[in-house]
Amino acid sequence: MPDQAVSLGRSLAEKRRQAGGGADELPTLILEMGLAAKILTREIRRAALVGNLGLAGEQNPSGDTQKKLDVYSNGVVVRAFTDTGLVAAIVSEEMEELRIISCSPEAEYLLCVDPLDGSSNTDINGAVGTIFSFYRRGVSGACIDCEGELRESAELVAAGYVLYGPSTVLVYNMGDAVDAFTLDDDVGEFLLSHEKIRCPDRGSYYSANLGRYHGWDQNVRAYADHVIEPDPASGRPYSLRYSGALAADLHRVLLEGGIYLYPADEDYPEGKLRLLYECAPLAFVVEAAGGRASTGRGRVLHLRAESPHQRSPLAIGSSDEVATFERFVATRGS
Ligand code: AHG
Ligand code: MN
Ligand code: MN
């Protein structure tokens, strides 16, 4: 361990001080996410030993059969943020409707969360994640209007993800820079491990479910053919990396460059991934690190959600790679 370890708590306190103190409660919320992530780390690690793998038997609002860990993770996150008193409402992948938490004036934020991302990996000891974002509430201030605010006036102010891999890493952007904190299991703290992350402009990895290739538009297929066409001068062919957990695949692209794609296809005409708790939070992180996040036709962060579980196509990662993908989409027609 380095001599001068910086904990998540100290880093957030320092950011709060630099911002002049004040009533901005985002540091408290990020810290709470850290606590939820520690609890989830413990449960994910021991799940095979305590009967917490496999299916719960219910379907979530997206029609996926919930895993036991999906249900558990949702419970941990909802409980953690309910107890802060700072959250007015929560949109979760695992809950049908936006859930109103508090009508108090202190409850200034809306949380959108994918409590367990990549849950098909749970039973094979693969990487999983948690994806989160916080919106500051808009002007109405009335609890009943939370969904309307999310649609019209709420502002995305912080977002990030937790990756439960060989170690647990929490990555977030509160509007300034992207930092990553790695959980030191012995100390029991998230410690700063990657400061002011920059996503390389180019990369030689691509990440997509190629099993869906024949359902894609011809322009998307042309791009997938392009990246594996040998051209040593431009670093092609690119190497394929795909884990089935967006948070894990995105983390590689963020740190090492490349592109993650989940385009629309015949089964998912709007794309598979959900705007509020998958695409937009990761777009907020990647753009702050100098990368790009696109639907293929425009910025993800320009989209407004009309409903809690709205889907969107996603191309995200190195700015040059995502721009190239956009050119294929724009110029080759479908
Ligand atoms: P979730 O487990 O939260 O439903 O998310 C799964 C998502 C994402 O993590 C991943 O990139 C993608 O779905 C995998 O989809 P395919 O199985 O179609 O590749
Ligand atoms: Mn997910
Ligand atoms: Mn999920």
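For ligands, and for the atoms within them, numbers begin at 1 and follow the listed sequence.
At a heavy-atom cutoff of 4.0 Å, ligand 1 is contacted by the side chain of Y260 but not by its backbone. Here R274 has side-chain heavy atoms under 4.0 Å from ligand 1, and that is the only part of it that gets that close.
A donor atom on one side chain and an acceptor atom on the other are found under 3.5 Å apart for T168 and T41. Y262 and E278 are not linked by any side-chain donor-acceptor pair at a separation below 3.5 angstrom, with hydrogens and angles left out of the test.
In summary, E93 places no N/O/S atom under 2.8 Å from the Mn ion (ligand 2), failing the contact criterion. Look at L116 and the Mn ion (ligand 3): an N/O/S atom of the residue is under 2.8 Å from the metal.
Closest protein heavy atom to atom 5 (O) of ligand 1: D117 OD1, 3.2 Å. Nearest protein heavy-atom contact of atom 4 (O) of ligand 1 is E93 OE2, 3.0 Å. Looking only at heavy atoms of the protein, atom 10 (C) of ligand 1 is closest to G244 O, 3.4 Å. Looking only at heavy atoms of the protein, atom 13 (O) of ligand 1 is closest to K272 NZ, 3.0 Å. Summary of contacts: the protein heavy atom closest to atom 7 (C) of ligand 1 is L273 CD2, 3.8 Å. Taking atom 18 (O) of ligand 1 as the reference point, the nearest protein heavy-atom neighbour is Y262 OH, 2.5 Å.
Counting heavy atoms only, G118 comes closest to atom 2 (O) of ligand 1 of the residues A245, S243, G129, G118.
Note on D117: its N/O/S atom closest to the Mn ion (ligand 2) is OD1. Looking only at its N/O/S atoms, D114 has OD1 as the one nearest to the Mn ion (ligand 3).
Judged by the 6.0 Å and 45° rule, R252 forms a cation-pi pair with Y205.
Between K67 and D123 there is a salt bridge, since at least one side-chain N of the basic residue sits less than 4.0 Å from a carboxylate O of the acidic one.
Among the atoms of S120, none of the N or O lies under 3.5 angstrom from an N or O of ligand 1. Close N/O approach between D249 and ligand 1 is not found [any backbone or side-chain N/O within under 3.5 Å]. Taking distance alone, with nitrogen or oxygen atoms compared against 3.5 Å, N209 approaches ligand 1 more closely than that limit.
Between T324 and R327 the shortest side-chain heavy-atom distance falls below 4.5 Å.
Using bins of under 30°, 30° to 60° and over 60° for the plane-to-plane angle, the ring pair F328/H226 lands in the tilted bin. Below 30°, between 30° and 60°, or above 60°: for H251 and H194 the angle between ring planes is above 60°, a perpendicular geometry.
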